[in-house]
Amino acid sequence: MSTQLSSDSAPAETDKSPETSPASSSEEVQVITEATKEKKGCCVGCKGFFLYDVGRKDVQAFYFNQFGRSILFISFMFLSLGVLQLAYATAGCPQNPNGTYVNCGNKVYGMLPSDILAMMALIGGLSTAAFMPYAGAVVDFSDHRLAFGKVCATILVLINFVQIFIFESTWFAMVIAQAFFAASTFMANSMVLWSYVNAPSDHDLHGITSSGRLWETIAMLSFFIVVAVVQFATKWDSVSLARFAQALASVVGGICLFLSYKRYEPVKAVKSLEGGKSLYIAGIVEIAQTTVSLWKTEPSAFVYLLASMFTEAAISSFTNMSITYLAEQIEMTSTSIIIFIMINFATNPLGVMIHRYIARKIGHKKNYLLSVAYTLIITAFLVSFVYEPSHANIAYVFSVIYGVAYGWYYPSSNGYYVSLVPKERVTELWGFNSFCSVILSWAPPAIFIALNHGTGSLRLGLLGTIIFLFIGFCIACFIPERDETVAADEEEGIHDAKSPFEGGVDAVKCTPQPIVKAL
């Protein structure tokens with residue numbers, strides 16, 4: 001799961017995740033909460049913040065889905081540590097005194113053990129990019145949206161459940177299955193999820209999506225804390241902990257998704273399919289038409305999405321590769337990596353606050369460029385100054401630095417995109433934004449595998465991330481400014497600041513995202 005589970009938030013100015021609906025702002029949620037308090041007291045105000053408009057069945061389904069899919073997403077971090085351990089053990093590499101494995105140069109299934117997670121990201125990126133046109137067509141052109149969502153959610157839960165049986169004799173088959181099916185079904189479920197989100201007014205839509213973001217974040221943080229506590233208490237190795245995490249995620253996530261789809265109602269197609277045309281072809285044609293339309297009518301958004309293809313690919317794929325880098329290059333134990341990620345989680349709000357301050361001072365474009373430049377520079381610094389076990393303490397400093405980067409990048413990218421498209425087309429174009437965010441997600445892992453395999457250097461392997469960030473930054477510099485009058489009118493009422501609780505799992509896009517982004 002290395003897309004953007006990461007990566008699937010609504011057009012909110014926080015996390016940019018692959019498929020979403022219009023964004024909400026923390027200021028608006030505060031207004032809602034305060035108004036409710038004046039009328040009915042503090043308790044009702046809290047309910048409005050956590051469970052806005054919960055009386056509707058489709059809103060209940062939204063909250064259950066957000067909670068369940070987020071848990072299934074975050075469990076991959078623990079699974080990846082277990083996969084690395086099994087890969088090195090199968091390759092016959094000796095262990096260091098602290099329990100980590102030596103990079104012995106042996107291969108497993110024709111690959112270096114350090115290539116395994118990047119290979120998963122590569123397969124996941126390709127399968128997701130290939131599947132999304134079909135998923136979008138099913139949602140738009142067929143009457144089977146609900147059934148399609150149920151099937152994808154079931155496959156997502158089952159593919160996570162079978163990871164409980166990960167052993168030395170089965171792990172590689174499990175890895176291939178996880179890479180092929182988990183990322184694509186996660187994204188498809190998310191696409192169905194957001195297609196059901198609706199409200200009679202922007203005011204209500206903001207309240208619903210804000211509460212959804214909150215439950216998404218609560219799910220990931222609570223799951224991460226529970227599994228981390230179990231690890232610290234039991235001292236299990238990475239494989240045993242991965243089995244526990246997958247079992248817990250499958251049960252809790254599966255129950256939540258079941259309760260979610262039990263509340264959804266069947267819906268009719270929103271577009272008609274031309275006679276004889278297959279759903280997949282219809283999806284491809286829709287993407288092509290949207291691309292041409294954006295180029296002609298909204299060139300600013302078009303260039304932004306072109307830049308986003310590279311920046312999103314770099315940031316989303318960095319998750320898997322960074323875990324490998326910490327485990328092999330820095331020889332950090334699984335416990336140390338878990339602490340690293342927890343620090344990263346905790347420092348995300350700092351980046352959100354930086355976004356809120358800078359965006360208001362210098363505007364969306366410059367804020368976005370600064371966030372990309374910041375991520376590019378710190379990645380170059382990581383490769384330059386953190387490359388051996390004695391640098392482990394410095395790595396914890398980078399955990400804070402990357403926490404700021406993720407907390408800053410996702411709000412700035414989402415906020416900038418929302419400002420570049422007409423207000424009435426934000427929801428319509430968010431699916432296309434999601435597609436653009438995953439279309440190149442396979443490329444940096446492919447570069448990582450090629451360079452690591454050819455040179456044996458993980459440091460050189462990360463060059464793909466740096467190159468893609470640089471290309472994305474250069475393209476973003478040429479995003480044309482929109483007509484100021486039109487932009488001002490359309491941004492009226494849209495705030496550029498979000499609560500730290502309004503992130504999104506997604507590809508990736510993660511809400512408070514750890515240095516791991518998310519399917």
Side-chain angles (χ1 to χ4, degrees), residues 2 4 6-7 15-16 118 121 125 303-326 329 344 347-348 350-352 354-355 358-359 362-387 391 394-395 397-417 436-438 440-448 451 457-479 507-510 513-518:
S2 70
Q4 300 79 295
S6 204
S7 278
D15 199 355
K16 185 173 185 177
V303 179
Y304 165 83
L305 289 172
L306 184 61
S308 177
M309 289 181 186
F310 291 91
T311 56
E312 283 290 327
I315 292 176
S316 64
S317 62
F318 184 66
T319 296
N320 290 15
M321 295 183 290
S322 65
I323 291 179
T324 301
Y325 191 83
L326 294 174
Q329 190 77 30
N344 189 272
T347 52
N348 267 221
L350 295 177
V352 176
I354 290 174
H355 155 72
I358 294 181
I362 62 177
H364 287 298
K365 181 177 180 178
K366 292 180 180 178
N367 179 51
Y368 174 72
L369 287 172
L370 281 177
S371 70
V372 175
Y374 173 79
T375 307
L376 169 62
I377 291 170
I378 64 174
T379 303
F381 273 41
L382 175 71
V383 174
S384 300
F385 301 112
V386 184
Y387 53 86
H391 298 156
I394 304 177
V397 176
F398 274 87
S399 177
V400 176
I401 294 172
Y402 272 103
V404 172
Y406 279 109
W408 185 2
Y409 172 77
Y410 287 107
S412 66
S413 60
N414 282 355
Y416 188 28
Y417 180 66
C436 291
S437 70
V438 301
L440 291 180
S441 60
W442 54 271
I447 296 173
F448 178 91
L451 292 176
S457 172
L458 291 177
R459 298 174 72 190
L460 289 178
L462 290 178
L463 277 178
T465 298
I466 296 173
I467 292 170
F468 267 54
L469 284 171
F470 180 74
I471 294 174
F473 175 82
C474 291
I475 295 174
C477 288
F478 294 96
I479 297 175
V508 260
K509 344 208 211 198
C510 239
Q513 287 218 35
I515 199 168
V516 174
K517 187 179 181 185

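Note that the numbering runs from 1 along the sequence shown for the chain.
Using a 4.5 Å heavy-atom threshold, the side chains of Phe318 and Leu382 count as touching. At a threshold of 4.5 Å between non-hydrogen side-chain atoms, the residues Ser457 and Leu451 do not count as touching. Inter-residue side-chain proximity for Ile401 and Tyr374 is flagged as met; some heavy-atom pair is nearer than 4.5 Å. Side-chain contact between Thr465 and Val383 is absent, with no heavy-atom pair separated by less than 4.5 Å. Taking 4.5 Å as the limit, some side-chain heavy atom of Leu369 sits within range of a side-chain heavy atom of Phe473.
When only modelled atom types and interatomic distance are considered, Tyr402 and Thr379 share a side-chain donor-acceptor pair under 3.5 Å. No side-chain N or O of Ser308 forms a donor-acceptor pair with one of Tyr417 less than 3.5 Å apart.
For the atom pair OG of Ser322 and CZ of Phe398, the computed distance is 13.0 Å after rounding to the nearest 0.5 Å. Note: Thr311 OG1 to Leu440 CG = 10.0 Å, rounded to the nearest 0.5 Å. Rounding to the nearest 0.5 Å gives a distance of 7.5 Å between OG1 of Thr324 and CG of Leu458. The structure places CG of Leu326 at 9.0 Å from OG of Ser399, a figure rounded to the nearest 0.5 Å.
Across every non-hydrogen atom of Leu376 and Ile466, the tightest pair is CD1-O, 3.4 Å. Contact between Ser441 and Gly125 at its shortest, heavy atoms only, is OG-CA, 3.2 Å. Scanning both residues, Ala118 and Met321, for their nearest heavy atoms gives CB-CG, 4.4 Å. Among all heavy-atom pairs drawn from Ala314 and Ser317, the shortest one is O-OG, 3.4 Å. The nearest pair of heavy atoms linking His355 to Pro411 is CD2-CB, 3.4 Å. A pairwise comparison of heavy atoms in Gly472 and Ala307 identifies O-CB, 3.5 Å as the closest pair.
In this view, Phe470 satisfies the ring-ring contact (aromatic ring centres under 6.0 Å, His included) rule with no residue, not counting sequence neighbours. In this structure, Phe448 has no ring-ring contact (aromatic ring centres under 6.0 Å, His included) partners at least two apart in sequence or on a different chain.
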| message | Quick one, Tyr409 with Glu312, criterion side chain to side chain contact (heavy atoms under 4.5 Å, CB included). Give me CA distance, side-chain angles, the key distance, then yes/no. | response | CA-CA 10 Å; Tyr409 172 77; Glu312 283 290 327; 3.0 Å; yes
| said: Test side chain to side chain contact (heavy atoms under 4.5 Å, CB included) on Tyr325 and Leu462; report intermediate values, then the result. | reply: CA-CA 9 Å; Tyr325 191 83; Leu462 290 178; 3.7 Å; yes
| query | Passes side chain to side chain contact (heavy atoms under 4.5 Å, CB included), Tyr406 versus Thr347? Steps please. | reply | CA-CA 9 Å; Tyr406 279 109; Thr347 52; over 6 Å; no
| task | Kindly determine whether Leu469 and Thr375 satisfy side chain to side chain contact (heavy atoms under 4.5 Å, CB included), including the steps that lead there. | result | CA-CA 8 Å; Leu469 284 171; Thr375 307; 4.1 Å; yes
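Close placement of the Tyr387 and His391 rings is indicated, their centers lying within 6.0 Å of each other.
Screening Asn367, Val372, Asn348, Leu350 against Trp408 for a side-chain contact (heavy atoms from CB on, under 4.5 Å) leaves a single residue, Asn367.
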